[in-house]
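Worksheet: the structure to be examined is printed underneath.
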Amino acid sequence: MPALVLLGAQWGDEGKGKATDLLGGSVDYVVRYQGGNNAGHTVVVGDQKYALHLLPSGILSPGCTPVIGNGVVVDPSVLFSELSGLNERGVDTSKLLISGNAHIITPYNVTVDKVTERFLGKRKIGTTGRGIGPTYADKINRVGIRVQDLYDESILTQKVEAALDVKNQMLTKLYNRRAIATGQVVEELLGYADKLAPYVADTVLVLNQALEDDKVVLFEGGQGTLLDIDHGTYPFVTSSNPTAGGACTGAGVGPTKISRVIGILKAYTTRVGAGPFPTELFDEDGEALRRIGGERGVTTGRDRRCGWFDAVIARYATRVNGLTDFFLTKLDVLTGWEQIPVCVAYEIDGKRVEELPYSQSDFHHAKPVYETLPGWSEDITKAKSFSDLPKNAQAYVKALEEMSGAPISAIGVGPGRDETIEINSFL
Ligand code: GDP
Ligand code: IMO
Ligand code: MG
C-alpha cells in the first residue's frame with residue numbers, strides 16, 4: 001500500500017506539478033488534498049506546457065485516476081473551464097473523482113476575498129483573490145456549501161441563505177457593496193449539479209480500498225510548508241494545511257498508510273504575496289534569479305520575490321512534515337554564478353539561531369547568516385546522473401542535503417519530464 005505525499009517545502013512554486021507529473025506514469029491515483037485554484041502547477045510534456053490550478057497534475061497521465069479530496073475547495077466555474085481546456089488539447093479527463101464533502105467556492109466567497117484585501121490596504125496578505133480564505137472560513141464557521149449540497153435544492157437554499165445573512169450585512173454596511181441575492185447564487189450553483197454529477201464520489205472509500213488493493217496513491221500538495229495555516233508564516237499564509245498531516249485529513253486516509261513524504265525544494269527561494277522572507281534579494285542577483293528561473297506566478301501573473309536558498313526553512317520543512325526525501329528543483333537556474341550564498345542560520349538581535357524561531361517578531365527580525373559555495377558554469381540541463389554534474393554542482397547538492405536533514409533523491413535540471421536526475425527511486 002504505497003502512499004506518497006508530495007508537498008512544497010518552501011513558500012510554494014517549488015515545482016510540485018513537474019514532480020507529480022513525473023511520478024504520474026507509475027501511480028494509480030493522484031489526489032489533491034487541500035487548497036483550490038490558488039495553486040498554479042506547471043507541467044511540461046515534450047513541447048506542450050500545461051498550467052493546472054485545481055486539477056491534480058496526475059490528470060496528464062493516462063493510467064492515473066485524478067482525485068479532488070474532501071479537503072479541497074472547488075470553484076465549479078474554474079473546474080469546468082480547466083476541464084474543457086484540457087479536453088480541447090486531447091486530454092481525457094473522464095476518470096476524475098471529486099469528493100462530495102469538498103467545499104464549493106461560491107461567487108460571494110470570491111467577492112469577500114477581494115473586498116477584505118482591499119479593506120486591509122497595506123496590511124493585505126496578497127491573496128490570489130480566488131475566494132480561498134473566505135471559503136475555508138465558511139467551512140470552519142459551519143456555513144459552507146459542499147458539493148453534495150447541490151443535489152438537494154431545499155438544503156442548498158437554506159445554507160446559502162444562512163451564509164449570506166451575515167455577509168450581506170457586512171458587504172452593504174461595512175464595504176459599501178450591493179447585497180447578493182440568495183436565489184441568484186442557488187440558481188448558478190444548481191446549474192453545475194448535472195455536469196458535476198458523473199465525477200462525484202465517496203473518495204475516502206475509493207482511496208482506502210485502493211490502498212487495501214496495493215494500488216499506488218500519490219497525494220499532491222498545493223502551496224507549501226511556510227504557507228500552511230498552522231505551521232507557516234501566519235498571517236501571511238493560505239487558509240489550509242499543505243503540510244503532510246493535511247493529506248490525512250484532506251483525503252480521509254490514516255497516517256499509518258503514508259509510506260513516504262517527499263518535499264519539493266527549489267535550489268533557491270521564492271515567495272508570492274506579502275510576508276517575511278529573510279533571504280529575499282533586492283539587487284541584480286534577485287532580478288537574475290527571477291529572469292533565469294522564469295519566476296512569474298502561474299495563477300496571478302505576479303512577479304515572484306526571489307532570494308538565496310534558506311537551509312533553516314528546509315530543516316523546518318523536514319521536521320514538520322517528517323520528510324523522507326527531497327526533490328531538489330531548478331538547479332540549472334544557478335548555473336553561471338561564481339559564488340552561491342546559502343543561508344545556514346539566522347542572526348536575531350545579535351544571536352545566532354539555527355532553527356526557525358516560533359515567535360513572529362523574531363522571524364521578522366531574522367537576518368540570514370550566509371556561507372558561500374563555489375558555483376559552476378557548465379550547462380547541466382543534459383545531465384542524466386549525479387556524476388554528470390560538475391564537481392561544484394555536486395558539492396552544492398551535497399551541502400544542501402547535509403543542511404536540510406533528508407536525502408535529496410531527485411534533482412531537476414530543467415522544466416521537462418526528462419530533465420531530471422533520479423538518485424533514489426521514489427517507488
Ligand atoms: P508548483 O506550483 O510547485 O507546481 O510550481 P510552478 O509550476 O508554479 O513553478 C515552477 C516552475 O519551474 C514551472 O515553470 C516549472 O515548469 C519550472 N520547473 C520545474 N522544475 C524545474 C527545473 O528543475 N528546472 C527549471 N529550469 N524549471 C523547472
Ligand atoms: P502553488 O500550489 C505560491 C499565496 C498567495 C498569498 C497567500 C494567501 O502554485 O505552489 P490565498 O489566495 O491562498 O488565500 O493567498 O498564499 N499562495 C501561493 N503562493 N504558490 C501557490 O500555490 C500559492 N497559493 C497561494 O500569494 O501570499
Ligand atoms: Mg505554482
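Numbering of ligands and ligand atoms starts at 1, following listing order.
- Residue D13 has at least one N or O atom closer than 3.5 Å to an N or O atom of ligand 2.
- When the heavy-atom distances from atom 6 (C) of ligand 2 to G133, G297, G126, G232 are ranked, the shortest goes to G126.
- Under 4.0 angstrom from ligand 2, the non-hydrogen atoms of V237 all belong to its backbone.
- Distance from atom 4 (C) of ligand 2 to its nearest protein heavy atom, with residue and atom name: L227 CD1, 4.0 Å.
- When you scan the N, O or S atoms of D13 for the one nearest the Mg ion (ligand 3), you land on OD1.
- Distances from ligand 1 to the non-hydrogen atoms of R304 include at least one value under 4.0 Å.
- Not one N, O or S atom of G17 sits under 2.8 Å from the Mg ion (ligand 3).
- At least one N or O atom of G15 sits closer than 3.5 Å to an N or O atom of ligand 1.
- Close N/O approach between V298 and ligand 1 is not found [any backbone or side-chain N/O within under 3.5 Å].
- Compare R271, R304, H41, R302 by their heavy atoms: the one nearest to atom 2 (O) of ligand 2 is in H41.
- With ligand atoms numbered from 1 in the order given, ligand 2 contributes 3 (C), 19 (N) to contacts under 4.0 Å with heavy atoms of W11.
- Contacts with ligand 1 closer than 4.0 Å are made by side-chain heavy atoms of D332 only, the backbone lying farther away.
- The backbone of V413, and not its side chain, has at least one atom closer than 4.0 Å to an atom of ligand 1 (non-hydrogen atoms only; backbone = N, CA, C, O).
- A donor-acceptor pair shorter than 3.5 Å cannot be found between the side chains of T135 and K139.
- By heavy-atom distance, the residue among E117, Q223, E14 lying nearest atom 25 (C) of ligand 2 is Q223.
- In this structure, G294 has no heavy atom closer than 4.0 Å to ligand 1.
- Between the side chains of Y346 and D310, a donor-acceptor pair is found at a separation under 3.5 Å.
- Below 3.5 Å of separation, one finds an N or O of E14 facing an N or O of ligand 1.
- The shortest non-hydrogen separation linking H53 to A39 is ND1-O, 2.8 Å.
- Among G416, G17, P415, S57, the residue whose heavy atom lies nearest to atom 4 (O) of ligand 1 is G17.
- Under 3.5 Å, the side chains of E295 and Y268 contain a donor-acceptor pair of N or O atoms.
- Summarising the geometry, atom CG belonging to D13 is positioned 9.0 Å from atom CD belonging to Q223; distances are rounded to the nearest 0.5 Å.
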